[in-house]
2 protein chains.
Amino acid sequence: MKIGLRHIRYFLVLAEDLNFRRASEHLHISQPALTRTIQHLEAELQVTLFDRSQNFVRLTDAGRAFREGGQRVLNGMEATIDLTRRVSIGEAGALRVGYTDFAIADALPELLKQFHQRHPGITVRPHHGVTTTQLQELRDDKLDIGFVTGPVRQPGFHSRVVQTDRPICIVPEGHRLASRASVTLADLADEDFVHGPAEAWAHFYDYLFPLCRKAGFQPRIVQEAFNSVGILGLVSCGMGITILTESIYDFATGGLVPLPLSDIAEEMVTEAVWASENLRLPAQHFVDFLEHQHKS
Amino acid sequence: MKIGLRHIRYFLVLAEDLNFRRASEHLHISQPALTRTIQHLEAELQVTLFDRSQNFVRLTDAGRAFREGGQRVLNGMEATIDLTRRVSIGEAGALRVGYTDFAIADALPELLKQFHQRHPGITVRPHHGVTTTQLQELRDDKLDIGFVTGPVRQPGFHSRVVQTDRPICIVPEGHRLASRASVTLADLADEDFVHGPAEAWAHFYDYLFPLCRKAGFQPRIVQEAFNSVGILGLVSCGMGITILTESIYDFATGGLVPLPLSDIAEEMVTEAVWASENLRLPAQHFVDFLEHQHKS
DNA sequence: GTTTCCGATGCATAAAAGGTATCATGAAAA
DNA sequence: TTTTCATGATACCTTTTATGCATCGGAAAC
């Protein structure tokens, strides 16, 4: 015979009442059933849990130890069942969210904050990554929702625009264009550019390069940095200029001058993207939340 | 039907194997029995724990949550059973030890340290208290072992001497006797004494006062402090002199002069004392440990 | 097409848990 | 002192639960 939760439940009630008859009534069973269950429990443990006589029933030291442990086990069981149920209906769980520098600098923090208010049981696990990486992680089911540089038009994915940015040119203080109120792309044709690695930043390049080509030049990338902070750092060192968004520029520490680009009409979009099938419940809730955001 | 530990055990093995037949073999039951147990578990939880087809079995998100919680519950159960067994044979448990200033200043720390080495599962719970208090707590089963000022000759108690102290006179710097190499009790007949309250320190007074009476005087207590540190403090303030033990004097901060008492032969004893019946196992182990100390 | 492996189901059996009646014992009441 | 009452333990039987065996239906491998 093995010890089960039933033994613990019966034991705990008896440890509370210290009276077999009353305890058996509280448990809605007969007194002999309780007696036998406690006997089986003690036999299995090979430990006397109660000192009994006709006059009194009291816990032994071992009984007290078992009461504490048993209570913990029962509480743990209840909590586990509750959590499991909540996970099964999507009230609890983990949501793996990928984000780019562009997303985290602007729309994402407020979005996640509001989502957490609506679904406090869901833990958001943020994963930083460029667009290419995130799309691959979505395919590999390493990510539930990605926040990437759009537009995303891949089969098997759905997406929704959450943020649009008008790009600006950023030059170091003292640069020949630093005193201009605004610039055009053509003004930048002969400049040295600082940017991210071509593979990782492919989606941003897909947005920027066609615009430059239309303005009649191909940007000359002379320095590469891993992320936007690194890019801004290299620009402030005078290594070149760059084109990023205003929200990113807000993170810069100084030594930089932002210049509006007067001839760019197309905005850069950041989209939430997710696999169109087999969405986990937390991800489904997030998608619903995004739709709800749109309406309100 | 209710969820039991059996369900969890079966579930965990299946969650490991992800194959009903192999899991049932590991559990030494038939495959249909496992299938039905998992079905019952899912029905009771109203949660699907496994996605199953003929080709694969895999955990759902809820199943993963249940696996973590279930593992914790099982571990907790195992730990509880183990602890209960250890308590029942006295390998684990709590030992409530009372001690006086005299005991803690000398023999007790080393004694407890060695006891802990021998019985690492037993947690010693120290309770500070004067002799009178400790004896009452022993009667009320609030204490397992007392370390008190002896000799204790009370019915229902056993005791064992663990420490003997030769008392010394302690005077403030600059006192008229401070330059003496030693003093006799008679030299102190006209001094003001600092000591503890008569009720609480009764056992110490029972030792000291007969000696003074034999020397022809009754000490004049002019100040009372709660404990020996307080007494030493008042002495160093010049409120009077006192008679305590050398080990207590070692705790003094300064401004005091110890003087041997050349005419006292009787030493002050500190004894371990315990109820002679119904000893808890940890206390029994401590008593055995004390006897063993004696032999070695 | 046949075989093989998978999880699910029907049915009979074994094991566990429960209920009723009753006993032995010690304390309290008469 | 005797009687009564309440307690926990036991005996015996019933109900519930768990298990094993045989088998099904379906997908993949050969």
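So that the names make sense, note that chain A is the first sequence line, chain B the second, and so on, each numbered from 1.
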In whole Å, what is the span from the [atom1] atom of [X] to the [atom2] atom of [N]?
X       : N      : atom1 : atom2 : result
A/Glu44 : C/dA16 : CD    : P     : 10 Å
A/Ile38 : D/dT7  : CD1   : C1'   : 16 Å
A/Arg6  : C/dA16 : CZ    : P     : 11 Å
A/Gln39 : C/dA17 : CD    : P     : 13 Å
B/His7  : C/dA16 : NE2   : P     : 15 Å
B/Asn19 : D/dA27 : CG    : C1'   : 15 Å
A/Arg36 : C/dG18 : CZ    : P     : 9 Å
B/Arg52 : D/dG26 : CZ    : P     : 18 Å

*Salt-bridge contact B/Asp144-B/Arg280 (side-chain N to carboxylate O under 4.0 Å)*: yes
_Which nucleotide in D/dA18, D/dG8, C/dA17 has an atom nearest any side-chain atom of A/His40_ = C/dA17
*Per B/Asn55 side chain, nearest of listed nucleotides D/dT19, D/dA28, D/dG8*: D/dA28
*Compare side-chain N and O positions of A/Thr37 against OP1 and OP2 of C/dA16 and report whether any pair is under 4.0 Å apart.*
no
*Can a side chain N or O of B/Thr35 be found less than 4.0 Å away from OP1 or OP2 on C/dG7?*
no
_Can you pull out the residues from residues 8-18 of chain A that lie within a 4.0 Å heavy-atom distance of DNA chain C?_
A/Tyr10
*asked:* Let's see if you get this right: which residues in residues 20-34 of chain A place a heavy atom under 4.0 Å from DNA chain D?
replied: A/Phe20, A/Arg21, A/Gln31, A/Pro32
*Of all the heavy-atom pairs spanning B/Arg118 and B/Phe289, show the shortest one and how long it is.*
NE-CD1, 3.7 Å
